[in-house]
Structure formats: structure tokens, C-alpha cells
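The structure appears right after this line, and notes come after that.
Below, each value reflects all heavy atoms present in this structure, side chains not excepted, and no hydrogens, waters or symmetry copies. Order of the sequence lines sets the chain letters (A, B, ...), proteins ahead of strands, with each chain counted from 1.
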There are 2 protein chains.
Amino acid sequence: MAKIDDVARLAKVSKGTVSNVFSQKRPTSDEVRERVLRVSRQLNYVPNHTARSLVTKKTMAIGLTIPHGSFFFSLFHTQFINGVILEASYYGYRVLLDIIPEQQVQTPFLTSYPIDGAVVMSPTTNDERIALMHAGQIPFVTVGKVMNEEIAHFTSVDNDNPQIMRSICEYLIDKGHTAIMFLNANALMTVSLDRKASFIQTLEKHGLPVEAHMLHHKPALNSSEYLDYGYAETIRVLGTERRKVTAIIADDDRTAFSTLKALKDLNLNVPGDVSLFVICGDLSMMVQSDPSLTSMDLQPSELGAQSVRLLMNQLGVLQGEFPEHVIVESKIIERNSVSTISS
Amino acid sequence: MAKIDDVARLAKVSKGTVSNVFSQKRPTSDEVRERVLRVSRQLNYVPNHTARSLVTKKTMAIGLTIPHGSFFFSLFHTQFINGVILEASYYGYRVLLDIIPEQQVQTPFLTSYPIDGAVVMSPTTNDERIALMHAGQIPFVTVGKVMNEEIAHFTSVDNDNPQIMRSICEYLIDKGHTAIMFLNANALMTVSLDRKASFIQTLEKHGLPVEAHMLHHKPALNSSEYLDYGYAETIRVLGTERRKVTAIIADDDRTAFSTLKALKDLNLNVPGDVSLFVICGDLSMMVQSDPSLTSMDLQPSELGAQSVRLLMNQLGVLQGEFPEHVIVESKIIERNSVSTISS
DNA sequence: GCATGGCATTAAACCGGTTTAATAAAGAGG
DNA sequence: CCTCTTTATTAAACCGGTTTAATGCCATGC
């Protein structure tokens, strides 16, 4: 690989000038620039990214931190990632997938992170990834609330979770549902706390006490129950325990699909006997399921894009005043999985 | 941020020694090591990744190149990525998502790639990403055949696509199906060429000529038909054109789901009227669909892991003799979407 | 004609580590 | 006790760029 000195020598200029031709940080005369570029092409020269990074102190990469061991991500994650990658590319940034494997035997901290900032998905309470970023002075944006004791200020994007749950509950209540079961996300995730609180509050506001069988949390990823959580809970509550449930709210598409399967196995018609509502799902999948699923569109790719913009602002790449917390719109998409109950 | 000189000064040793304590490339006395580590902790020192990279010429990152503009990836991709990330982490490598956006207005080549090697998914014929890697001397492993004119040798992992199609076709033929429709992947992808050829060959071997309505290719991602390809083709061929089709082979899970929806809308029972077979799908989804879908398990995460191992071997990280091409096992998982036709 | 300013260019310092070659200290062998 | 190794440590060179401060050149204004 040719280096800058080779080019400088052959083009009869100093390395500083070659540097300027490529970085365009200072002007160069047309004559010199062309000579340098010609020689570079001839030598197949390309500036070395690492050497540049060392002095500019920018790696031009951002980390995308996926939750601990989420080796199965849902379609929500997929779309979010797409949003991040696309938006980052607009600013010339690359995305380093920064997943901390379950068994964290890995490098406790052998070296600094080669990233300028990070987007942290699905923070948990007292998230250690966030603690690391905080300690390492790495700018970061979270998707969802940060609930670490030592961290007061942070930048985040989020949906309005309390409002989302309120809307969903009231949507269902309006349609006459009173026996509602909520298959929430994992209890450790900060979003699930908000949603749980809002679920309980909204139901109580309407005079509907929340009983134990109405609220469940997704088990940990490493548990054997993780994959068929929706199926198992539905069979247990509606089948074995014979509870009356007329509407189910599923936290994600995977849970929704497995719930759907359970309902079929229980010989319950959707939406005839039981209505099903999905919180975060992949649009294309929701449409193609049968029945197509009524859901809350959280705009995952928009969440991803916005989180990158906030991060770019923190990095000084994107000028202007940005709010500390961005709320991304979400709205109910009515399809065919929810019905009205005539009282 | 504390630098190595600060640590050296405070610990009263040379920077070379501090370097050795962290890199462990040369031995240090217990006494010195402890003193250095203590001071480092005190100063919150962490070796700078970029500086280290500059001299070692290793970025400890590999690129994961997703097909042009595949901003919707399927579950197959997701699992593949998981396999790559997990395996890479075993060798201390990080994964840089290297997606070349559709509109390639981006950096023609402002700087070298900050990666040591790359895994290239779904190569197309005369893939320019591969041409770039090749020109840039970056070791790479592809998933699927490389079909670039100027490249003779390459390392790859793959399923045995011809055999896969043969198995699937013969599996269906054994069950009495003769009117089989194949919803293939995009025509540009090298896998789709292999599968197409094998599909035609196998059917003809059994005296079943392949007519135009029996073979279709997924449209380009940027086209409006991309998302409901399965649905549209099924409605058109089985509905509008009223062709006789008793079995459909769908290339991926998304296509399968949308095909399933189309069959329901056509009032056709699966597998009673039409059988459905999926080539690459996410296990957890296939199970939860109704009926659960009979599919070919391509072991995407195994493909990902193997591709990383081959790459690590090329990078000299993993010793030993490795084959140039690795074939990952695939097998039919029988579920409930294929039935036997009594003649 | 001479001071003034603007601009492209350059030599040298710098970014923060690793690596090499030299050196000092400690052990082994005769 | 002296030489020969072995081992830990160090000073200096190096990785390949960017940035700073100095320089030379030309145009401008008075």
C-alpha cells in the first residue's frame, strides 16, 4: 500500500499538501491538486483511515448497542437498525454492531471503543452498558428511558409509552372489552415499566381492577420459555385456568404470532371470540398474517433515524438546537384482529 | 483521557513497559505489572484503540456487507448476522455493518476501510462490493458463489443449493405433486441461479416440463412489488389465470407468509388444496404460523459462524487447514403445510 | 518603491500507542 | 570468580496521517 510520503515524493510536494488535497481542509492550487491526484491514482493511494483517526480523534463510526444477549431480535429491532444505518450513512458514519454477548467473559476493557458515540437500544434498569458509556465519556443516545442512579442527564428518543398504553386500553374499552390481558415485554426493560404502570392506571380509571392473570412479563432471553411465551401464557390463562379474556395485548410481533397460534389451538376465533392487539410489529408481517393484526405503529425506523440525528448533534456533526428527549409519533393501525363486543 | 506516558511517568517505568503490561506480548515482573495496573486504574487509563491499530495494522473489526439496499432484511439475514456477531466476538472481533446504500452518492473512496476483512452476504453476479474488496486487498468470505469475471479464487460458505432444490422437488414429487410453482429469490442473486437450474433439471428428470407460470423471481427491492411478491404472484397464477398448482415453494419466510395470505383469500386450504414449502425461514416463526410450515432449515446462524471462522483463518487468527469452500448442512423440517396427493 | 496582507506551501511537531535494538541485572555453568 | 545466557527494562524509532507555525510569493494600496 502506498503511503502519503510516496505520493508527496513523486508529486514533488510536501505531505502536508497531499493531506490537504484529500481532506480538503485547506485550499490547494488546481495545478498541484491535479498532479497529486494523478500520482495517487497511479500509486493506488488511499489515505489510511486509522492514521487519520488517530489525529482527528474521530473514528467516523457509531456503536449500535443491542440489549444483552438479544441474539434473537424481533422485526422491530430490524427496522430500527435499518433506520440507524441509513441515517448514519448520510453523515458519513458507519455502524459498529456492539452486542455484548450473554457470557461476558470477553475483554473486560482491553482497549477503548473505536467509536465516536453510541445508540443504545432497550436500556434496562441500571444498565451497565450505559454505565460504561458514561464512565468512558462516550456520547450516547438511548431508545427509551435511562434508569441508572448515577446518571441524571441523558439524551433519548422514545415513543410516548404511557400514552400508547392509554390509547390501546381505551381503544379496547371503547369497543366493550373489560377482560384484557397484557403480555408485556421483559420486566427489566424500562419501557415495560412505563407500559405496565399505564396499563394498570388506565384500567383502574375505568373501574377495571387488574388481576394477576391479566398482566405478564416476557421471561429472560436465556430461559427456555422465551420463545413460546405468548403461546404458553395464552394456553395457561385461557385454557387451563379458564379465565375470561376478550382481548389480548401482545408486546411484539413474535409474541403476537405465538398467541395467535394458541388461540387457534384453543378453538377461539380472532377477532370473534378474542381480540388481539400488537404493540410493536413489522408492518409487512402484520398485514400478511390472517387475520391481519391491528397494531400500534411505533415507527421503528424513524426512531432509529432520530436517535442518530440526536447523536450527530452531540458529536457536533449536526448543528442546531435539539431537544434532550425526542418523542416519536405512534398511531393505531386498524386491521382485522379487534372486534366490538355488544354488551 | 490519560495516555500511556502519564501512566509511565507515574509508575516510574517506560512506556514500552506499560505497553507490555496491557498487550501481554512480553513478560513483565509481577511487581511492575501491579504497579502499572494500579496507576492505570487510578488514572482511568485505557489503551487507545486507534493508536494501537495504527501500528499493529489490525482494526479488530470485520465488515458485514449486506446486499445493496437490503434495507428490509428477512429473518434469515437476522439469524445469519447473529451467528456472525457471536462467532466474531470469540476472537475479539467487532462487526461493522457495511451496507452500501441504494443511492451510492457516498464517499467514492475517501479513505481506506477500517476493517481487517469482510463477510459478504448474498453476492450478485459481478458484484461490485466484491470487486472493491478484491482491489483493496481486503480478505473476504462470501455466502454463496462469487460470479465476478476477474476473480478466480475466493473463500465461501454456502448451502448445497442444487441439492436443496432437488430434495425439495423430489420430496414434493414423492407426495404426488406435479404442478409445482417456485417463487424464487431475486434473479440477480447467485443462489437463485443455482436453485433455478436445479428446479428445472429435477422436474424435467421426472418428466415434468417447467412452464412459465411455474417459476418466478422476486422483483428488485426498490420496486413497489417487492413486499407483496408472494401474494401477488399467487393471486395472479392461481386466481386470475386459474392455473393448476398443488404445491408452492417460497424462497423465504416473508414470501411464504404473504403466499399463505393469498391462498386464504383464494379460499384454498393449506395443505388440503395447496401445499407450501419454505426454503429459508426463521424457525420460531415457521412453527408459530398456522399451519406450521414445512421448511428447509439452512442453518443461517451456522452459516454466519462458519463464514467468520474461514475469515479468521485467512486473517491468521485461527490456525489450521481450512477448505476453500464450506458447505453447511441443510435438512427438511416436516411440519403441517405439505400433504400427500392421492392419485 | 516599500510596507501590508492574503494565500499556497512546507518543515517539523504531534496523535498514542508498539516494536526494535541496546542495556542492565540476575542465574547458570565450569 | 569469571564468562555465558536468560530475562526484564528502556530509549528511540516507527506507524501514517494531520496540524501548526514559519516562509516565500504575489498582488494591493499609498
Side-chain angles (χ1 to χ4, degrees), chain A residues 1-37 39-40 43-61 92 107 109-116 136-137, chain B residues 1-37 39-40 43-61 92 107 109-116 136-137:
Chain A
M1 279 283 95
K3 22 193 280 189
I4 200 171
D5 302 84
D6 302 331
V7 176
R9 198 177 321 115
L10 225 82
K12 297 193 195 310
V13 293
S14 72
K15 41 193 292 199
T17 302
V18 177
S19 175
N20 287 330
V21 168
F22 279 92
S23 67
Q24 305 187 12
K25 298 211 174 172
R26 299 170 176 295
T28 48
S29 68
D30 292 3
E31 185 204 334
V32 166
R33 186 177 332 111
E34 278 183 34
R35 197 164 72 233
V36 167
L37 288 177
V39 170
S40 303
L43 295 180
N44 224 331
Y45 168 75
V46 170
N48 180 301
H49 177 91
T50 307
R52 175 179 286 179
S53 288
L54 181 56
V55 47
T56 59
K57 296 181 186 316
K58 293 193 172 178
T59 62
M60 297 309 281
T107 88
F109 233 2
L110 280 179
T111 166
S112 66
Y113 270 19
I115 53 177
D116 298 337
Q137 312 258 41
Chain B
M1 280 282 94
K3 21 195 277 190
I4 200 170
D5 301 84
D6 302 330
V7 176
R9 199 177 321 115
L10 224 82
K12 299 193 193 310
V13 292
S14 73
K15 43 194 290 201
T17 301
V18 178
S19 175
N20 287 331
V21 168
F22 280 92
S23 68
Q24 305 187 11
K25 297 212 173 170
R26 299 171 175 293
T28 49
S29 68
D30 292 2
E31 185 204 334
V32 165
R33 184 175 337 109
E34 278 183 33
R35 197 164 72 233
V36 167
L37 288 178
V39 170
S40 303
L43 295 180
N44 224 330
Y45 169 76
V46 170
N48 180 301
H49 177 91
T50 307
R52 175 178 286 178
S53 288
L54 180 57
V55 46
T56 59
K57 295 182 187 316
K58 295 194 172 178
T59 63
M60 298 307 280
T107 87
F109 233 1
L110 279 179
T111 167
S112 67
Y113 269 20
I115 54 177
D116 298 337
Q137 313 257 42

### Query
Of B/Ala2 and A/Gly16, whose nearest nucleotide on DNA chain C comes first from the 5' end?
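Result of the comparison: A/Gly16.
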Measure the distance from [atom1] on [X] to [atom2] on [N] and round it to the nearest whole Å.
X	N	atom1	atom2	result
B/Asp30	D/dA8	CG	C1'	12 Å
B/Arg52	D/dC15	CZ	P	19 Å
B/Asn48	D/dC15	CG	P	18 Å
A/Lys15	C/dT10	NZ	C1'	12 Å
B/Asp5	D/dA11	CG	C1'	13 Å
B/Phe22	C/dT19	CZ	P	16 Å
B/Lys58	C/dG16	NZ	P	24 Å
B/Ile4	D/dT10	CD1	P	12 Å

### Task
Show your reasoning for whether salt bridge (Lys or Arg N to Asp or Glu O under 4.0 Å) applies to B/Lys3 and B/Asp6.
CA-CA 5 Å; B/Lys3 21 195 277 190; B/Asp6 302 330; over 6 Å; no
Tell me which nucleotide among [options] gets nearest to the side chain of [X].
X	options	answer
A/Thr56	D/dT19, C/dT9, D/dG16	D/dT19
B/Val32	C/dC15, D/dT18, D/dT9	D/dT9
B/Val13	D/dT10, D/dA8, C/dT20	D/dT10
A/Thr28	C/dG17, C/dT9, D/dG16	C/dT9
B/Pro27	D/dC15, C/dT18, D/dA8	D/dA8
A/Asn20	C/dT10, D/dT18, C/dG17	C/dT10

Can you see if the side chain of [X] gets near the phosphate of [N] - specifically, an N or O under 4.0 Å from OP1 or OP2?
X	N	result
B/Ser29	D/dT9	yes
A/Lys57	D/dT18	no
A/Thr17	C/dA8	no
A/Lys25	D/dT19	yes

### Message
Is a donor from one side chain sitting under 3.5 angstrom from an acceptor on the other, for B/Thr17 and B/Ser14?
### Response
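Side chains of B/Thr17 and B/Ser14: pair found under 3.5 Å.
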### Message
Among A/Val13, A/Val18, A/Asn20, which residue satisfies the side chain to side chain contact (heavy atoms under 4.5 Å, CB included) criterion with A/Thr28?
### Response
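Of A/Val13, A/Val18, A/Asn20, side chain to side chain contact (heavy atoms under 4.5 Å, CB included) with A/Thr28 is met by A/Asn20 alone.
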### Query
With distance as the sole test, does A/Arg33 use its side chain to make a donor-acceptor pair with the main-chain N or O of A/Val21 at under 3.5 Å?
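Absent.
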### Query
Any idea which heavy atoms bring A/Val46 and B/Ser112 closest together, and the distance?
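Taking every non-hydrogen atom into account, CG1-N, 3.2 Å.
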### Message
Would you compute the distance between atom CD1 of A/Ile115 and atom NZ of A/Lys58 and round it to the nearest 0.5 angstrom?
### Response
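It comes to 15.0 Å.
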### Query
B/Lys12 or B/Val55: which one's nearest nucleotide on DNA chain D is closer to the 5' end?
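Of the two residues, B/Lys12 wins.
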### Task
Tell me what A/Val18 touches on the nucleic acid: a base, only sugar-phosphate, or nothing, going by heavy atoms under 4.0 Å.
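Nothing, no nucleic acid heavy atom in range.
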